[in-house]
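A short worksheet on the structure shown next.
The structure displayed is predicted, hence computed values, not measured ones.
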Amino acid sequence: MDPVLSGMDPTTPLEVFNNLTDANGGDSRLYNLNVFYNPGDIAWMLTSTALVLLMIPGVGFFYSGLARRKSALSLLWLSVMATAVVSFQWFFWGYSLAFSHSAGPYIGNLDNFGLKGVLAAPSVGSARIPDLLFCVYQGMFAAITVALAVGAVAERGRMLPCIIYMFVWTTIIYDPIACWTWNSAGWVFKMGGLDFAGGTPVHIASGSAALAYSYMLGKRRGHGTQELNYRPHNVTHIVIGTVFLWVGWFGFNAGSALSANLRAVMAAVVTNLAACVGGITWCLVDYRLERKWSTVGFCSGVIAGLVAITPGSGYVPAWSAVIFGICGGVACNYATKLKYFLRCDDALDIFAVHGVGGFVGNILTGFFAADYIAHLDGFSVIPGGWLNRHWIQMGYQLADSFSGGLYSFVGTCIILGCLDGIGKFLPVFKLRASEEEEVLGIDDVEIGEFAYDYVELTRDVLLPDEVDEGMSTHSHEHHASAMGHHEKNQDSVDSSNQLAEWAHRA
């Protein structure tokens with residue numbers, strides 16, 4: 001006999017939670033608190049948490065490969081540091097500000113300060129998992145959002161102000177947006193906005209913050225001239241980062257079902273399909289211009305497709321993922337030109353991929369959200385989007401997108417403006433490295449360690465005459481040929497010429 005028809009549903013926990021008077025969900029010394037949850041749900045959510053964590057070094061490798069060699073390590077460092085800073089912030093008060101059970105429409109309170117009372121009671125996100133599990137899972141979302149945003153400091157931002165920014169931005173910007181999007185008390189949630197895995201809290205918020213950070217830092221030295229011949233220094237790192245992100249995104253989107261169910265399966269299907277189509281689309285758009293099958297272009301398209309499908313992954317049918325991938329790939333590809341019109345040095349195109357990609361995904365979710373997809377988890381009920389002739393859904397999506405993006409952009413400018421203002425009196429808080437430090441490279445100045453062998457860095461920063469003293473013309477030409485166009489077009493011209501100029505002045 002069918003176990004569901006016989007009343008023995010294997011997806012149902014052994015007991016229904018009924019201890020509403022204890023914030024911890026009960027005394028584990030007296031009761032087995034595990035009986036309120038399905039072990040499969042807990043196993044899947046722990047796995048998803050680890051997958052989202054894997055995405056953070058993926059962001060680091062992706063950004064590091066896109067940057068120049070002399071600042072490559074700093075971007076990896078910032079990504080893993082974001083995990084540490086935000087995880088502490090999340091424990092300290094971040095989780096309470098975003099997901100306290102008695103939150104307001106815009107932000108939570110400090111009922112769960114220091115994870116007080118966060119244990120075995122059903123979470124705000126879903127009664128299928130306990131508070132503690134929901135906390136650690138959502139903490140990874142907060143960490144990767146910050147890791148995405150701080151890529152904007154590439155090649156000219158200082159580390160200490162950025163660390164402070166991480167903590168403050170998560171508190172003032174991310175936590176409120178997460179609260180109003182995913183907390184059942186939030187105004188977007190109550191309005192009916194659909195954002196399954198972070199189109200606004202993660203992607204639009206981080207993209208807008210990166211744009212604001214780029215404006216506040218100013219352009220890199222030589223930007224817009226032949227002096228700065230910007231190219232990715234390590235395409236292999238970009239591929240590695242893309243693979244980490246692609247794999248981790250299964251936990252990011254499918255894990256957002258907050259249970260091991262068919263809705264999670266559908267989210268995994270559309271996530272992978274949108275990534276594939278996005279990569280192909282970006283490659284084709286680039287090929288028509290250069291007649292080259294760009295590896296960087298494919299990886300960028302994969303990320304664009306993943307970003308676009310994020311808000312709709314638990315709401316849309318499989319066939320629509322093709323449209324998400326195409327639209328995400330085309331929109332983000334053309335959006336990389338926006339920085340020239342905006343006169344902004346968004347070094348890693350974070351706004352183009354995450355800001356624009358998140359917006360495209362939110363809008364497409366308004367079109368393709370279907371009530372029967374959401375109900376694959378067995379309990380979620382939505383009016384759907386235009387597929388269900390629920391026309392007003394597009395208004396909800398637009399309100400969510402613009403409010404989150406504007407709040408993140410303006411808030412970031414205020415936070416960074418305050419830090420830089422303090423930096424006028426205490427130089428340690430200055431946002432930007434000096435011109436001399438920028439030429440030497442952030443890795444050398446801020447970290448004192450390097451992504452590659454120090455000999456190669458030496459050839460970048462020594463004066464041309466000093467380099468020639470240590471090698472014959474023949475050996476110099478041979479080594480330059482072996483290194484390829486990276487040495488010639490990237491750091492060496494920038495560093496050596498400027499240092500030679502300073503030496504001549506001295």
Could you list the residues that satisfy side chain to side chain contact (heavy atoms under 4.5 Å, CB included) with [X], not counting sequence neighbours?
X      : answer
Phe167 : Val85, Phe88, Gln89, Phe92, Trp93, Thr171
Ala209 : Ala149, Tyr165, Trp169, Ser408, Thr412
Met216 : Cys413, Leu416, Leu431
Cys418 : Ile414

Sequence neighbours excluded and cut-off under 3.5 Å, please list the side-chain donor-acceptor pairs for residues 138-147, or say none.
{"from": "Thr145", "atom 1": "OG1", "to": "Phe141", "atom 2": "O", "distance (Å)": "2.8"}

Step through it carefully: locate the ring centre of Tyr287, locate the ring centre of Trp293, and say whether they are under 6.0 Å apart.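 Ring centres of Trp293 and Tyr287 closer than 6.0 Å.
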Donor-acceptor pairs are to be reported for all side-chain atoms of residues 239-258 against protein atoms at under 3.5 Å, with residues two or more places apart or in another chain.
{"from": "Thr242", "atom 1": "OG1", "to": "Ile238", "atom 2": "O", "distance (Å)": "2.8"}
{"from": "Trp246", "atom 1": "NE1", "to": "Asn272", "atom 2": "OD1", "distance (Å)": "3.2"}
{"from": "Trp249", "atom 1": "NE1", "to": "Thr310", "atom 2": "OG1", "distance (Å)": "2.9"}
{"from": "Asn253", "atom 1": "ND2", "to": "Thr271", "atom 2": "OG1", "distance (Å)": "2.9"}
{"from": "Ser256", "atom 1": "OG", "to": "Tyr137", "atom 2": "OH", "distance (Å)": "3.4"}
{"from": "Ser256", "atom 1": "OG", "to": "Phe252", "atom 2": "O", "distance (Å)": "2.7"}

When the side chains of residues 349-367 are checked against the rest of the protein, which donor-acceptor pairs come out under 3.5 Å, sequence neighbours left out?
{"from": "Asp349", "atom 1": "OD1", "to": "Lys339", "atom 2": "NZ", "distance (Å)": "3.0"}
{"from": "His354", "atom 1": "ND1", "to": "His203", "atom 2": "ND1", "distance (Å)": "3.1"}
{"from": "Asn362", "atom 1": "ND2", "to": "Thr200", "atom 2": "OG1", "distance (Å)": "2.8"}
{"from": "Asn362", "atom 1": "ND2", "to": "Ser401", "atom 2": "OG", "distance (Å)": "2.8"}
{"from": "Thr365", "atom 1": "OG1", "to": "Gly312", "atom 2": "N", "distance (Å)": "3.2"}
{"from": "Thr365", "atom 1": "OG1", "to": "Gly361", "atom 2": "O", "distance (Å)": "2.7"}

Tell me which pairs pass salt bridge (Lys or Arg N to Asp or Glu O under 4.0 Å) where either residue lies in residues 291-307, with sequence neighbours left out.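 Qualifying pairs, neighbours excluded: none.
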Give every residue pair that meets the salt bridge (Lys or Arg N to Asp or Glu O under 4.0 Å) criterion with at least one member in residues 300-313, sequence neighbours excluded.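 Applying salt bridge (Lys or Arg N to Asp or Glu O under 4.0 Å) to every pair that reaches into residues 300-313, excluding sequence neighbours, yields nothing.
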Excluding sequence neighbours, so at least two apart, what forms ring-ring contact (aromatic ring centres under 6.0 Å, His included) with Phe134?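 Partners of Phe134 by the ring-ring contact (aromatic ring centres under 6.0 Å, His included) criterion, ordered by chain and then number, come out as Phe99.
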Of all residues at least two apart in sequence or in a different chain, which pass the side chain to side chain donor-acceptor pair (under 3.5 Å) check with Tyr315? none
Please tabulate, for side-chain N and O atoms in residues 58-66, each donor-acceptor pair with protein atoms closer than 3.5 Å (sequence neighbours left out).
{"from": "Tyr63", "atom 1": "OH", "to": "Leu148", "atom 2": "O", "distance (Å)": "2.9"}
{"from": "Ser64", "atom 1": "OG", "to": "Ala72", "atom 2": "O", "distance (Å)": "3.1"}

